[in-house]
Every structure is written in structure tokens, then in C-alpha cells.
Amino acid sequence: MTADSTLGVATSEVIREASRRRTFAVISHPDAGKSTLTEALALHARAISSAGAVHGKANRQGVVSDWMEMEQARGISITSAALQFSYGDAVINLVDTPGHADFSEDTYRVLSAVDSAVMLLDAAKGLEPQTLKLFDVCRYRGIPVITFINKWDRPGRDALELCEELQNRIGLQPMPLTWPVGDAGHFRGVLDREDGNFVRFQRTAGGATAAPEIRFTPEQAEQEEGEDWVRAYEESELLAESGGEFDLEKYHNATATPVLFGAAVTNFGVRHLLDLLTKLAPQPEPRLDAEEKPRPLEAPFSAFVFKVQTGMDAAHRDQVAFARVCSGTFERGMVVTNATTNKPFATKYAQQVFGQQRSTVDTAYPGDVVGLINASALRVGDTLYDGKPTVKFPGLPSFAPSHFTVAWPKDLSRVKHFRKGIEQLGAEGVVQLLRSDRRGDGVPVLAAVGPMQFEVAAHRLAVEFKSAARLEPLPYSTVRRLVDPAQRSIVDGGRQSEVLIRDDGAVLALFANDMAMRVMMRMNEGLLLEPLVAEGSSM
Ligand code: GDP
């Protein structure tokens with residue numbers, strides 16, 4: 001996209017700033033090392049930006065406590081939104097995926113706000129269930145993925161076998177950029193496949209410092225490492241023959257994945273990852289609007305809300321909306337339009353969250369995540385824009401829920417607060433709300449992709465709305481869209497089925513299981529049911 005000279009300096013500034021942005025998320029199974037890697041990335045960037053100063057362990061903790069302090073000061077959860085830091089000339093936005101052991105819709109939606117992902121694997125475990133689910137979302141959205149094989153410092157699986165697993169299980173061609181020298185657990189370092197040199201792995205005390213790198217030529221490496229080097233070299237040659245050479249286009253069109261080996265806990269491999277991200281990961285592109293027209297990066301400000309959260313500060317229950325900037329320049333204080341309601345939204349309290357500095361940053365560019373405070377009027381999926389032309393981005397998908405429950409207030413004197421809480425949780429997308437005349441408007445059915453969402457909802461009702469819930473799970477697990485609402489009575493007439501309306505207007509038919517649904521379809525030939533087409537629906 002070239003700058004339009006008629007729009008002048010500001011335009012080229014947007015283009016320039018956008019091209020520096022790398023907005024990504026880490027997808028992984030719990031315990032693979034996501035928090036450790038996040039800290040290592042931030043530490044590395046910081047260590048470098050402060051002119052090569054060596055930081056001690058205290059500083060590593062400093063990275064974390066800085067976030068916590070900001071979290072408290074701003075009354076929002078830093079770790080659940082985005083962390084921004086600069087590395088060289090690049091500005092990196094690491095958008096966090098919530099770290100539940102369970103799947104929630106939150107996690108999936110976050111992936112609509114990123115341009116690429118890092119798939120973090122534990123060397124001893126390879127692809128794990130949650131990695132697979134998140135990867136499926138990336139695949140659906142065509143998000144390019146870098147694979148980082150972590151914990152190579154301790155016993156794990158064979159490197160070739162792990163690469164084969166990528167190819168065979170998820171059909172993603174591995175393109176290793178580094179190759180481990182020494183088995184997992186006897187990690188000597190990596191062969192840098194770009195220049196053929198050996199980079200030695202060094203343990204640092206508690207991973208407190210950016211890992212020092214000592215490079216050796218292949219000849220030196222053979223002398224130093226003997227058999228381990230020879231084997232790594234031969235395996236690397238083998239990879240070259242089997243089509244594992246790096247191909248930027250294949251990475252960008254998400255048919256192949258660059259692979260790196262390392263150990264986040266000692267920072268080894270983290271620099272490789274940062275370099276790869278800044279040099280080759282995709283930068284923000286013009287986003288397609290609801291009519292599939294690209295919104296040029298240099299068009300006036302536009303953004304979409306991908307996450308809404310209630311403030312953590314008990315005194316201020318402000319709702320914070322996190323929006324990803326898609327075009328133009330965001331400036332704090334600007335009044336923008338919410339495309340869903342056509343109402344103005346004042347960003348007076350907006351903050352660009354989580355700059356390295358504590359002070360609020362007032363300007364944001366495409367790829368950045370902005371935290372909008374006092375955002376009770378905003379919903380997940382809303383588009384915000386400034387000026388002309390108007391724009392509306394496609395809404396974020398709702399996922400096919402497979403868990404359903406009714407929630408009752410335990411304390412009847414708190415019914416009002418209870419209902420308010422339920423509405424709030426629905427608006428934030430913590431759970432989906434389904435209703436029917438039969439059940440009564442005041443008793444919605446809570447629906448979720450993973451049961452953990454109910455726990456979060458119950459906890460928040462009790463703590464924030466001081467109104468504990470009693471959950472009564474419903475015996476449904478299969479859901480379809482009822483194409484013709486006139487057929488409602490058929491489904492409602494079944495013993496193991498029911499029709500409910502979701503708050504986005506979708507008419508859903510719930511069944512005890514697939515079998516119950518098939519039986520009903522056989523008995524009612526004209527019954528029209530459709531799968532809920534949304535990413536995640538196949539999961
Ligand atoms: P998360 O659940 O994915 O955020 O994982 P954490 O970052 O909390 O890490 C889980 C555990 O793995 C912690 O005990 C870490 O210290 C450990 N860990 C993370 N990275 C490495 C690594 O590279 N090597 C080793 N040996 N342990 C690691």
C-alpha cells in the first residue's frame with residue numbers, strides 16, 4: 001500500500017508506523033512455557049534497548065512487577081490484553097491469550113486481533129490438545145505460525161520426530177531455521193541453518209540475563225562438539241533434501257511453519273525468535289470490512305473491539321474495551337463513531353495500554369491495541385471509526401456452544417444484581433445467553449464452549465455482583481441453527497430437545513446428543529438444521 005501524497009505527511013507516517021508493527025499471540029497448551037517466554041521476550045527487548053546493559057535476576061522480576069504495578073494503577077489486567085515493547089526498529093505487540101486450562105471464547109477472539117502467532121511446544125510433549133484447538137483457529141483464519149520448540153534443555157523427544165508430527169498431524173510443513181545440536185536434555189546449542197554456524201547454548205543463572213551467544217564456524221563446531229555436531233549437520237542436510245528449506249511465501253500463506261529450538265527459561269533461542277518476528281512476520285495489512293472491501297491503512301482511524309472486561313479495581317467497576325487499530329492514527333481524546341449503534345464514543349479515558357513507559361501513550365497506529373476505559377456502551381465485535389468513509393468490520397464469530405446451564409440466584413433479595421450481572425457477562429462474551437418464552441425472559445440459559453466459562457461466570461457473579469449463583473446444568477451437547485423458525489414446535493415437542501434464541505437473534509435447536517438429533521431428523525423429514533458455521537465450530 002503506498003502513501004497517498006494528497007493526504008500528506010500524516011499518511012506516510014501511518015504507513016511507516018504500521019510497517020514497524022508486529023502484532024502476534026502465543027498459542028500453547030498450559031505449562032508449555034508461555035509466561036516464561038513472554039517474560040523472556042520482554043526482558044530481551046529491554047536489555048537490548050538499554051544499550052546492552054546486563055540485567056540481574058532482580059531485573060527479570062522487575063519486568064513482572066512493572067506489569068503488576070501498571071495493572072493495579074490502571075485497574076485492568078495487563079496480562080490479559082497486550083504487552084508492547086520495541087525491539088530494534090520494530091514495535092512488538094504481544095496480545096495475550098488467556099491461560100485457562102480450558103477453552104473459552106475469549107481465547108479464540110483474541111486471535112482475530114493478531115497478524116501472526118507463535119506456536120509454543122514443550123519438547124517432551126509436542127502437539128497437545130489445546131495447542132491443536134488454537135492452531136485450528138489459526139488455520140481457519142489463515143494466520144501464519146512460527147513454531148518454537150521449548151524446554152530443549154531437558155530430556156524430551158527427538159527433533160525429527162517432532163517435525164514429523166507437525167507434518168503428519170496438522171499438515172504443516174516444518175521449515176527449521178535452527179537445528180539442535182545434542183539431544184533434548186544434553187543441549188549443546190543450535191546449528192543456524194542460515195549461515196551454517198554453531199551457536200552454543202549457555203546456561204545463565206535462573207535465566208536472568210539475555211543468553212550470551214558464542215558462535216563457532218562448522219569446523220570449530222566439529223572440534224568442540226564432535227559426534228553431536230556431525231549428527232546435527234547430517235540431519236540438517238536431510239531436511240534440505242526433504243523440502244524443509246525456508247520459503248517466506250509458504251510461511252505467509254500458512255502452509256508451512258518456520259521452526260526454532262530453544263529454552264525460554266534460560267532465554268536461549270529467544271533472540272532468534274525476536275529476529276524472525278521482526279524480519280519476516282507479517283505486518284498489519286488493510287483489513288476487510290463487512291463488504292469485503294479492504295480498509296486502507298492510511299484511511300482515517302478505525303478499530304474493532306475484540307475483548308471487553310470489567311475493571312479489576314473494586315472501587316471502579318469500569319468496563320474496559322480492548323480494540324485493535326486497523327487504520328489511521330488513534331489519538332487520545334478523539335470522539336469516534338460506534339458503527340453498531342451509530343453513536344459517538346468519546347475516548348477521553350482511552351489509554352494505549354502497556355507501553356514500556358509507565359506514562360500513557362497518546363497515539364496508536366494500525367496493529368496496536370488500545371484499552372478504552374468507561375466503555376460500557378461497547379460490545380465485542382463493535383467497529384469504531386473516525387471521519388469518512390464510514391466502515392464496519394465483520395462481527396466476531398460466536399462459537400458453537402456445547403455446554404448449557406441455567407443459573408439461579410442463591411439469595412433472592414439480590415435478584416436485581418444477579419440479573420444485571422448475567423447481562424454484563426453476556427455483553428462481555430464470558431458466556432452466551434439463550435432465552436425462550438417457555439423458560440421466561442428473566443431466566444436465560446447460559447451457553448459456553450468450555451465449562452470453565454461457567455466457573456468464571458459464577459465467580460464473577462459472587463464477587464462482583466455479590467449474588468452467588470446455583471448452576472443447574474442442562475443435558476444438551478449438540479446444537480444446530482433452526483433454519484425455519486416455523487418448525488420450532490417440532491424441536492420443542494421432543495423429549496430431548498429444545499429451541500432457544502441467542503441474544504444475537506440466532507434460533508438454536510439443542511439436542512441431548514447427535515443421536516437424538518438424527519432420530520428427530522429421521523422422524524421429521526422436512527426439518528431444516530444447519531451447523532453453526534463459525535471458527536471453532538468443528539472443535
Ligand atoms: P505456561 O503455563 O505456558 O505459562 O507455562 P510457564 O511459563 O508457567 O512454565 C511452566 C513451567 O515450565 C515452569 O515451571 C517453567 O519454569 C518451566 N519452563 C518454561 N520454559 C522452560 C524451559 O525452557 N526449560 C525448562 N526446563 N523449563 C521451562
Side-chain angles (χ1 to χ4, degrees), residues 24-44 57 59-65 67-68 71 77-83 94-104 106-107 110-111 114 117-135 137-138 145-159 162 178-190 199-213 259-274 276 450 452 456:
F24 77 103
V26 176
I27 60 170
S28 62
H29 193 81
D31 244 24
K34 191 177 66 170
S35 325
T36 311
L37 180 68
T38 302
E39 275 182 45
L41 286 166
L43 170 102
H44 216 91
K57 185 165 178 132
N59 285 78
R60 178 160 195 141
Q61 284 166 348
V63 174
V64 178
S65 57
W67 298 346
M68 280 170 28
E71 190 162 342
S77 169
I78 302 287
T79 43
S80 63
L83 178 73
L94 170 46
V95 184
D96 196 20
T97 47
H100 312 315
D102 184 23
F103 318 109
S104 73
D106 246 18
T107 316
V110 160
L111 292 172
V114 301
V118 170
M119 180 160 72
L120 182 67
L121 304 183
D122 181 328
K125 299 188 173 149
L127 291 167
E128 295 181 83
Q130 188 150 340
T131 339
L132 290 170
K133 293 206 177 201
L134 290 164
F135 173 75
V137 180
C138 290
V145 174
I146 292 171
T147 303
F148 188 91
I149 302 188
N150 192 29
K151 307 195 187 182
W152 204 262
D153 58 310
R154 65 180 201 192
R157 289 166 56 185
D158 177 59
L162 286 163
T178 59
W179 193 251
V181 178
D183 296 332
H186 306 279
F187 192 23
R188 309 298 305 162
V190 292
V199 186
R200 177 175 277 173
F201 168 65
Q202 287 205 306
R203 273 185 195 281
T204 54
T209 54
E213 282 189 15
V259 179
L260 295 171
F261 292 82
V265 80
T266 59
N267 297 312
F268 190 86
V270 174
R271 183 197 59 82
H272 299 143
L273 179 58
L274 278 168
L276 177 57
M452 174 81 118
V456 173

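Remember, it's 1-based here, ligands and their atoms both numbered in the order they're listed. Keep in mind that the numbers below use all heavy atoms, side chains included, and drop hydrogens, waters and symmetry copies.
Remark: ligand 1 and P30 share no N or O pair separated by less than 3.5 Å (distance only, no angle test). Distances between N or O atoms of G262 and those of ligand 1 include no value under 3.5 Å.
Between the CD atom in E128 and the CG atom in D31 there is a gap of 8.5 Å [rounded to 0.5 Å]. Rounding to the nearest 0.5 angstrom, the gap separating the CG atom in L37 from the CG atom in L273 is 6.0 Å. Between H186 atom NE2 and W152 atom CH2 the span is 11.5 Å, to the nearest 0.5 Å. Within the model, atoms CZ of F148 and CE of M119 stand 13.0 Å from one another, a figure rounded to the nearest 0.5 Å. Between the CD atom of E213 and the CZ atom of R271 there is a distance of 4.0 Å, given to the nearest 0.5 Å.
Under 4.0 angstrom from ligand 1, the non-hydrogen atoms of S35 come from both its backbone and its side chain. Heavy atoms of D153 found under 4.0 angstrom from ligand 1 belong exclusively to the side chain. Contact annotation for K34 and ligand 1: heavy atoms of both the backbone and the side chain come within less than 4.0 Å of the ligand. Residue contacts with ligand 1, taken as heavy atom pairs separated by less than 4.0 Å, involve A263 via backbone and side-chain atoms alike.
Ranking protein heavy atoms by distance to atom 20 (N) of ligand 1, first place goes to N150 ND2, 3.2 Å. The protein atom (non-hydrogen) at minimum distance from atom 11 (C) of ligand 1 is K151 NZ, 4.0 Å.
F187 and F268 have their aromatic ring centers within a separation under 6.0 angstrom.
Selection from T36, N267, D122, L120 by nearest heavy atom to atom 6 (P) of ligand 1 gives T36. If you check each of T266, D31, V265 against atom 21 (C) of ligand 1, the one with the closest non-hydrogen atom is V265.
Under the 4.5 Å side-chain criterion, counting only non-hydrogen atoms from C-beta, L120 is not in contact with K151. Taking 4.5 Å as the limit, some side-chain heavy atom of L41 sits within range of a side-chain heavy atom of L94.
Within the 4.0 angstrom cut-off, atom 14 (O) of ligand 1 has no protein heavy-atom neighbours.
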